[in-house]
Amino acid sequence: MSTQTDTLWQRLARLTPARIGLGRAGAGLPTREVLKFGLAHAQARDAVHTPMDAAAIAGAIEALGLPTVTVTSGAEDRATYLRRPDYGRRLSPESLKALSDSAADSAAEPVDLAIVVADGLSARAVHEGAAALLAAFKPHAEAAGWRLAPVTIATQARVALGDAAGAALRARAVVVVIGERPGLSSPDSLGLYVTFDPKPGRSDAERNCISNVRPAGLSFELAAFKLNWLLTQAFSRGLTGVNLKDESDRLLEAAAPDPAIGGF
């Protein structure tokens, strides 16, 4: 490639973490790029297989003034979780009973919101981002006056586990904060799944998702802003999913840049 072409690719590469303009070494890639790819692949595998430190996550969330409860899914270990996704979508019998008993003991009225923090396919994402996301979201929840259930820390969990947890806690809505399937440039990405009137059997079409929540993607502040908007609309309209479109960007476009929501 000419020097001018090299410069163009270099300029484009600075705008994206995607692997573009990697160069050549004969008919193959330069050694440095092969090594970078191998590292990214190893980080993605580690994100999937590294166990979540539920105690550390609970401690970080409780430091925000939010009580927690720890549960497990029907998958007894990581290998089973990866082979049997259906096991990760349901609570273990002991955990289901613990949540139901907690809801029965806490208050006569149902809570507005249950938050489930789940390892999913990237414990790293939860370790690095869950507490920061909740710290950004807490002021929104307090301003709205929503009653929160204790934050549920769930191991070996899939998104749909939130339906059972939300129903057991008698919550009007549930938010599942979960480690997303890692890409080769994003092993630390969180997904936020919002479901109104949670109960077992809900489909993905009945949820809203905010994805790529991480320092190099959607900021925690902006994700919290969008989450607040979706929940406000969910409670107002009585639904989530394909019939609720995220139009929070319209508020951002109409407002002056605000550092509190990531500079948008």
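Sequence positions, counted from 1, serve as the residue numbers for this chain.
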Original post:
Does the side-chain contact (heavy atoms from CB on, under 4.5 Å) test come out yes or no for Leu12 and Thr16, once each step is laid out?
Top reply: CA-CA 7 Å; Leu12 290 173; Thr16 174; 5.9 Å; no

**OP:** For side-chain contact (heavy atoms from CB on, under 4.5 Å), just list the numbers for Leu192 and Leu133, CA-CA rounded to whole Å, side-chain angles, deciding distance to a tenth of an Å, and then say yes or no.
**Re:** CA-CA 10 Å; Leu192 316 180; Leu133 183 278; 4.2 Å; yes

Subject >> side-chain contact (heavy atoms from CB on, under 4.5 Å) between Leu230 and Thr240, worked out >> reply: CA-CA 8 Å; Leu230 283 171; Thr240 48; over 6 Å; no

Original post:
What do the steps show when you test Tyr87 against Glu76 for side-chain contact (heavy atoms from CB on, under 4.5 Å), and what is the final call?
Top reply: CA-CA 9 Å; Tyr87 287 3; Glu76 60 185 16; over 6 Å; no

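Remark: of the listed residues Pro51, Ser73, Ser92, Ser73 is the sole one forming a side-chain contact (heavy atoms from CB on, under 4.5 Å) with Gln156. If you run side-chain contact (heavy atoms from CB on, under 4.5 Å) between Val194 and each of Leu227, Val174, Asp246, Leu244, only Leu227 comes through.
Residues Leu190 and Ala130 come closest through the heavy atom pair CD1-N, 3.8 Å. The minimum heavy-atom distance between Leu161 and Arg90, with the atom names listed, is CD1-O, 3.7 Å. For Gly166 against Ala114, the heavy-atom pair with the smallest separation is CA-CB, 4.3 Å. Residues Ala54 and Ile153 share a closest heavy-atom pair of CB-CG2, 4.1 Å. Among all heavy-atom pairs drawn from Leu64 and Ala131, the shortest one is CD1-O, 3.5 Å. Taking all atoms of both residues into account, the shortest heavy-atom contact from Pro30 to Gly23 is CD-O, 3.5 Å.
Put simply, CE on Met52 and CZ on Arg78 are 9.0 Å apart, with the number rounded to the nearest 0.5 Å. We find the CG-OG1 distance between Asp77 and Thr155 to be 11.0 Å, quoted to the nearest 0.5 Å. Rounding to the nearest 0.5 angstrom, the gap separating the OG atom in Ser236 from the CG atom in Leu231 is 12.0 Å. With values rounded to the nearest 0.5 angstrom, Glu180 atom CD is found 7.5 Å from Ser186 atom OG. Put simply, CH2 on Trp146 and CG on Asn228 are 4.5 Å apart, with the number rounded to the nearest 0.5 Å. The distance from the OG atom of Ser122 to the NE2 atom of His127 is 9.0 Å, given to the nearest 0.5 Å.
Within 6.0 Å of CZ on Arg45 lie no more than 12 heavy atoms contributed by other residues, nucleotides or ligands. Counting heavy atoms of neighbouring residues, nucleotides and ligands inside a 6.0 Å radius, atom CZ of Arg181 does not exceed 12 of them. More than 12 heavy atoms of other residues, nucleotides or ligands sit less than 6.0 Å from atom NE2 of His49.
A donor and an acceptor atom, one from each side chain of Thr195 and Arg207, are located under 3.5 Å apart.
Side-chain contact between Thr152 and Leu169: present, with at least one pair of heavy atoms (C-beta onward) separated by less than 4.5 Å. Annotation: side chain of Leu121 is in contact with side chain of Tyr81 (closest heavy-atom distance under 4.5 Å). The shortest side-chain heavy-atom distance between Leu22 and Phe37 does not fall under the 4.5 Å cut-off. A heavy-atom distance below 4.5 Å is not found between the side chains of Phe137 and Phe220. Annotation: side chain of Gln43 is in contact with side chain of Leu39 (closest heavy-atom distance under 4.5 Å). Between Leu218 and Lys226, some side-chain heavy-atom pair lies under the 4.5 Å cut-off. By the 4.5 Å heavy-atom criterion applied to side chains, Arg170 and Val111 are not counted as neighbours. Side chains of Asp188 and Pro215 form a contact here, defined as non-hydrogen atoms less than 4.5 Å apart.
A side-chain donor-acceptor contact under 3.5 Å links Glu206 to the backbone of Ser203. Proximity of a side-chain donor or acceptor of Asn208 to a complementary backbone N or O of Gly241 within less than 3.5 Å is detected. Looking only at distances, no side-chain donor or acceptor of Asn212 sits under 3.5 Å from a matching main-chain atom of Ser189.
Residues Leu148 and Val69 do not share a hydrophobic cluster, defined by chaining ILVMFWY side chains whose heavy atoms lie under 4.5 Å apart. In the hydrophobic cluster analysis, where Ile, Leu, Val, Met, Phe, Trp and Tyr join through side-chain heavy atoms closer than 4.5 angstrom, Ile57 is grouped apart from Val116.
Arg172 and Asp112 are joined by a salt bridge, as a carboxylate oxygen and a charged side-chain nitrogen come within less than 4.0 angstrom of each other. At a threshold of 4.0 Å, the pair Asp197-Arg202 counts as salt-bridged, since one of the basic side-chain nitrogens sits closer than that to a carboxylate oxygen.
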